[in-house]
Amino acid sequence: MKKFFVAGMLMLMFGAVSAFAQTTGSGTLTATATVQGSLQLVFNSDASGPALTGTGTSNATLAFGTIQAYGGSLATGVSRTAGASSFTVSAPFDVFVSKANVTSTGYTLTANVTDATNTWAIGSTAINGGGTVTATGTYGADSPFTLNLTVPYSSAAGAISKAISFTATAN
Amino acid sequence: MTALALLCASAVPVLAARHRSVRVVKVATPAALSVSLTPVADGAPLHSDGTAGAIDLGAVSYVAARRDGNVAIEQQSDRYTVATKFGLTINDPSSHVTTASVTAYVVYPSRYVVRVDGVKIDPTPRLLFAHVPVGRISVHRLEVEIPNNVPADAETIINHPIQFAAIAE
């Protein structure tokens with residue numbers, strides 16, 4: 001009977017020793033980064049305008065289709081006005097600006113296009129060579145604008161393809 | 001009777017010498033493990049002096065293009081995640097340990113969420129991996145989640161130590 005008692009004591013002791021002798025090691029990894037504030041601008045199709053190719057991205061295409069001063073048919077969402085020396089086609093589109101790690105509550109939107117023949121405008125703001133479209137843009141919401149292209153009657157018929165660069169700047 | 005007397009004699013020293021027995025077993029304990037943090041080919045730059053490593057995720061933003069392909073940015077609607085890879089090796093100088101478990105915790109709380117292999121690292125240690133082979137480098141994914149509403153107008157520096165511990169199995 002005493003044999004069992006002694007054996008039991010030894011087992012308990014070794015069990016306790018094993019727990020205290022756990023082998024461990026450690027290391028530290030420090031992750032560093034510099035967070036910079038940023039804005040993201042994307043173009044969205046407007047409900048009353050033509051469908052943009054690349055809608056929801058920052059590189060979209062608005063196609064006016066075949067345009068002419070008189071007659072013909074215009075693409076869906078495109079309208080036209082004919083003047084004394086030129087005609088203008090118009091199409092609504094939306095701009096959506098998101099902010100990240102920025103405390104500003106609004107943004108300024110500018111647009112710029114280079115075209116020696118035709119006149120471009122966002123709403124009433126001419127943008128040939130650059131113009132401020134709005135100084136009170138709201139983050140996180142579609143802002144509707146209208147792109148106007150004015151073609152002189154004196155210009156030769158042919159394709160028009162221009163890139164308009166938009167810049168949103170936090171106020 | 002003789003046998004009984006011997007048993008009693010052997011039982012008494014064992015009880016009396018409990019402290020000495022513990023010391024003998026401690027001498028036989030293998031040397032401590034070490035955790036090494038190392039750069040990997042497709043990970044961000046990691047400077048390490050062995051058990052302390054610093055991994056540089058660089059300048060990050062919601063829309064920034066990456067300076068190289070080793071740091072990825074994944075956008076969500078209200079936050080973004082910066083991710084890269086790093087190497088971790090458990091070493092056992094005594095060569096007695098073949099596998100280990102790894103726990104991790106962040107040294108101090110932060111508004112940035114840190115994950116390793118998808119497991120969120122909290123200020124409380126938690127088990128990350130089990131049965132990690134000792135002596136072999138394992139590659140892991142580090143993620144730092146940055147909310148969009150954290151202001152960084154003056155640029156915010158993230159400095160986030162993660163403590164790893166290896167425990168012999």
Is there a path of hydrophobic side-chain contacts, each under 4.5 Å between heavy atoms of I, L, V, M, F, W or Y residues, that connects [X] with [Y]?
X        : Y        : result
B:Val132 : B:Ile137 : no
B:Val119 : B:Val35  : yes
B:Tyr108 : B:Ile121 : no
A:Val102 : A:Val42  : no
A:Tyr107 : A:Phe166 : yes

Does any non-hydrogen side-chain atom of [Y] lie less than 4.5 Å from one of [X]?
X       : Y        : result
B:Leu33 : A:Thr24  : no
B:Leu88 : A:Leu29  : no
A:Leu39 : B:Val63  : no
A:Thr28 : B:Phe164 : no
B:Ile55 : A:Thr32  : no
B:Tyr62 : A:Val35  : no

- Item | Pairs of heavy atoms under 4.5 Å with chain B: top-ranked of A:Ser58, A:Ala100, A:Ala33 | A:Ala33
- Can you say whether B:Leu37 sits under 4.5 Å from chain A via the side chain, the backbone, both, or neither, judging by heavy atoms? side chain
Just how far is it from atom [atom1] of [X] to atom [atom2] of [Y], taken to the nearest 0.5 Å?
X        : Y       : atom1 : atom2 : result
A:Ser26  : B:Ile90 : OG    : CD1   : 11.5 Å
B:Leu46  : A:Thr30 : CG    : OG1   : 9.5 Å
B:Asn159 : A:Thr34 : CG    : OG1   : 10.0 Å

- Over all atoms of both residues, closest heavy-atom pair of B:Ser61 and A:Gln36: CB-O, 3.1 Å
- Any idea which heavy atoms bring B:Pro151 and A:Thr103 closest together, and the distance? CB-CG2, 3.3 Å
- Query: For the side chain of A:Asn101 and the backbone of B:Ile146, is there at least one donor-acceptor N/O pair under 3.5 Å apart?
  - Reply: no
- Message: If you count heavy atoms of other groups shown closer than 6.0 angstrom to CG of B:Asp78, is the number above 12?
- Response: yes
- Does NZ belonging to B:Lys85 count more than 12 external heavy atoms closer than 6.0 Å? no
- Task: Among B:Ala104, B:Ser48, B:Ala54, single out the residue with the greatest number of heavy-atom pairs under 4.5 Å to chain A.
- Result: B:Ala54
